[in-house]
Amino acid sequence: MLQHVRFTTAGESHGKGALAIVEGIPAGLPISPADIAADLARRQLGYGRGGRMEIEKDTGEILSGVRLGETLGSPIAIWIPNRDHANWATSMSVYPQPGADDESLRRVYLPRPGHADLVGMLKYDRADARDILERSSARETSARVAAGAVARRLLSELGVSIGSHVTRIGAEHGEPPAERPADLNALSDSSRVRCLDAEAEARMVGAIAAAGEAGDTLGGEFEVVATGLPVGLGSHVSWDRRLDGRLAGAMMSIQAMKGVEIGLGFEASRRRGSEVHDEIAADSVQSRAGGFRRARNHAGGLEGGTTTGEPLVIRVAMKPLSSLTRPLASVDVRTGEAAAAVRERSDVCAVPAAAVVGEAMLALVLADAMVEKLGGDSLAEIRANLEGFLRRTIDRARPRA
């Protein structure tokens, strides 16, 4: 039976907090709450965020699965309290609130176009959209980022790094440098919108400010990159083991994401094969690529659903957020009459934060693929299995007399 890294989250946006549970992490992995807090803090940054970020100061308390600074091999539970819950204690109470009116319970009868409000009400037979929007809110991604921080620590111990940067906000596009910096996040995190192009950053900030003044929102695109991956993660043998499919599904599962590209992506459909495919050459120095290298990386680090050893490059498109301060037309579900959608507190633009969530989802999928490929109950065992696999691939690549 293949080993896997799995995770789940629980919690509502204005409930007591968010909970992440991660299974399949091997024993002996050094980790601390500071590792989790660092990524949670990065998720809260970015020009265009709303007032909620002034209230919450996410850290992440490890409840189980870690002792004396090392994982035990058992499920890891991480708790992220919601400070804002104190202001929502009545409306988000677990217990019935007899006599409470719609205003005190913050009921929502005016679903927002583009959000899960209406379809969720219909699917789950709920009269109040609050029952839907609390869970469908992107506040849930705090738990994903906490889980992803654990996966990132495992990958780091195995020589893999993950970073991201924003390439577009609205109509404003940034041109990244010809070569990505070795520490991608160190550079992108220093930008207000996590963009590597300083001139584009200024235009993006202006576009966000203008949208906010107009009561509107903006989406955009970001790129997530993993380096140091070994060849051979994923597989071509079954549809659900192809790593590109697993990665695309993970990225599309993030709230408000509408498109995913790997490598050249859609651009590959517009070129001839000779302009797309990455020519192969022998290179004994490239131990993680099995003793080979690609002349370029148009494939984005994946061929046949399997990693090549080249950097894994994914671009993701995010739609504008559906909570507008100038609401769009909707319907009052109590009467069926036309009405403006509810106004919920929200961000003008959350693309920089979404890129950090993309890092977390990439880390979780890659950690799963690494454990699936290498097996092992402890970090030392997985590391030894990785070293043995890489030795075998290099030996195969050597010319035979």
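Count residues from 1 along the sequence.
A donor-acceptor pair is defined here as one N or O able to donate and one able to accept, closer than 3.5 Å; no such pair exists between the side chain of Asp189 and the backbone of Arg42. Counting only distance, with no hydrogens or angles, the side chain of Glu201 and the backbone of Ser191 share no donor-acceptor pair below 3.5 Å. Side-chain atoms of Lys319 come within 3.5 Å of backbone atoms of Gly114 as a donor-acceptor pair (strictly under, hydrogens ignored). Although no hydrogens or angles enter the test, the distance criterion places a donor-acceptor pair under 3.5 Å between the side chain of Asp283 and the main chain of Val285. Judged purely by atom type and a 3.5 angstrom limit, Asn82 uses its side chain to pair as donor or acceptor with the backbone of Ser13. Ser156 places no side-chain N or O within 3.5 Å of a backbone atom of Arg153 that could act as its donor or acceptor partner. Side-chain atoms of Arg135 come within 3.5 Å of backbone N or O of Gly11 as a donor-acceptor pair. The backbone N or O of Glu134 sits nowhere less than 3.5 Å from a side-chain atom of Ser137 that would complete a donor-acceptor pair. Side chain of Asp197 to backbone of Ala200: a donor-acceptor contact under 3.5 angstrom is found. A donor-acceptor pair under 3.5 Å is absent between the side-chain atoms of Asp332 and the main chain of Ala339, judged by distance alone.
Nearest heavy atom pair, residue Asp347 against residue Ala350, reads OD2-CB, 3.7 Å. Between Val145 and Val356, the shortest heavy-atom distance links the atoms CG2-O, 4.4 Å. Listed here is the closest heavy atom pair of Ala226 and Leu362: CB-CD2, 4.0 Å. Nearest approach of His115 to Ser322, heavy atoms of both residues: CD2-OG, 3.0 Å. The minimum heavy-atom distance linking Pro113 with Leu328 is given by the pair CG-CB, 3.9 Å.
Residue His236 qualifies as open at atom NE2: its count of foreign heavy atoms under 6.0 Å is 12 or below. Heavy-atom neighbours of Lys16 NZ from other residues, nucleotides or ligands within 6.0 Å: at or below the threshold of 12. Environment of CZ in Arg296: crowded, with over 12 heavy atoms of neighbouring residues, nucleotides or ligands closer than 6.0 Å. The number of heavy atoms from other shown groups lying within 6.0 Å of CZ (Arg271) is above 12. The number of heavy atoms from other shown groups lying within 6.0 Å of CD (Glu199) does not exceed 12.
None of Gln286, Glu303, Glu279 except one satisfies the side chain to side chain donor-acceptor pair (under 3.5 Å) rule with Arg294; the exception is Glu303. The one candidate from Glu223, His165, Arg194 that meets the side chain to side chain donor-acceptor pair (under 3.5 Å) condition with Ser188 is Arg194.
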For residues 237-247, tabulate all N or O donor-acceptor pairs below 3.5 Å that involve a side-chain atom, not counting sequence neighbours.
unit_1: Arg246; atom_1: NH1; unit_2: Arg241; atom_2: O; d: 3.2
unit_1: Arg246; atom_1: NH1; unit_2: Glu372; atom_2: OE1; d: 3.4
unit_1: Arg246; atom_1: NH2; unit_2: Asp368; atom_2: OD2; d: 3.0

Can I get a per-line list of side-chain donor-acceptor pairs under 3.5 Å for residues 377-384, giving both atom names and the distance, sequence neighbours left out?
unit_1: Ser378; atom_1: OG; unit_2: Glu381; atom_2: N; d: 3.1
unit_1: Glu381; atom_1: OE1; unit_2: Asp377; atom_2: N; d: 3.0
unit_1: Arg383; atom_1: NH2; unit_2: Glu157; atom_2: OE1; d: 2.8

Donor-acceptor pairs under 3.5 Å, side chain of residues 171-179 to any protein atom, not counting sequence neighbours: which ones?
unit_1: Glu172; atom_1: OE1; unit_2: Arg203; atom_2: NE; d: 2.9
unit_1: His173; atom_1: ND1; unit_2: Thr167; atom_2: O; d: 3.1
unit_1: His173; atom_1: NE2; unit_2: Glu175; atom_2: OE2; d: 3.3

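Checking Glu359 against Ser164 by side-chain atom types alone, a donor-acceptor pair falls below 3.5 Å. Side-chain atoms of Arg144 and Thr9 form no donor-acceptor pair, as typed in the model, at a separation below 3.5 Å.
Distance check, rounded to the nearest 0.5 Å: CG of Asp216 to CZ of Arg326 gives 9.0 Å. Separation of atoms CZ (Arg315) and CE (Met251) is listed at 12.5 Å; rounding is to 0.5 Å. Residue Ser323 holds its OG atom at 12.0 Å from CZ of Arg343, rounded to the nearest 0.5 Å. Between atom OG of residue Ser161 and atom CG of residue Asp183 there is a gap of 8.0 Å, rounded to the nearest 0.5 Å. Atom CG of Leu40 sits about 5.0 Å away from atom CD1 of Ile80, to the nearest 0.5 Å. The distance from the CD1 atom of Ile76 to the CD1 atom of Ile78 is 6.5 Å, given to the nearest 0.5 Å.
Side-chain contact between Leu158 and Met370 is present, with at least one heavy-atom pair separated by less than 4.5 Å. Put simply, the side chain of Tyr109 does not reach to within 4.5 Å of the side chain of Met121, judged on heavy atoms. Leu196 has its side chain within reach of Leu184: a pair of non-hydrogen atoms, C-beta onward, lies under 4.5 Å apart. Using a 4.5 Å heavy-atom cutoff, the side chains of Met318 and Val316 are not in contact. When side chains are defined from C-beta on, Leu390 counts as touching Pro230, because their heavy atoms get closer than 4.5 Å. Two residues are said to be in side-chain contact when any heavy atoms from C-beta on lie closer than 4.5 Å; Thr308 and Asp278 fail this criterion.
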List the steps, then state whether side chain to side chain contact (heavy atoms under 4.5 Å, CB included) holds for Asp102 with Arg334.
CA-CA 13 Å; Asp102 284 354; Arg334 295 167 298 185; 4.1 Å; yes
Please evaluate residues Val351 and Glu221 with respect to the criterion side chain to side chain contact (heavy atoms under 4.5 Å, CB included), reporting the C-alpha separation (whole Å), side-chain torsions for both, the decisive distance (0.1 Å), and the verdict.
CA-CA 7 Å; Val351 179; Glu221 299 170 16; over 6 Å; no
Could you go step by step and tell me if Phe7 and Met361 meet the side chain to side chain contact (heavy atoms under 4.5 Å, CB included) rule?
CA-CA 10 Å; Phe7 83 101; Met361 294 306 296; 4.0 Å; yes
Decide yes or no on side chain to side chain contact (heavy atoms under 4.5 Å, CB included) for Val150 and Val5, but give the supporting numbers first.
CA-CA 11 Å; Val150 177; Val5 171; over 6 Å; no
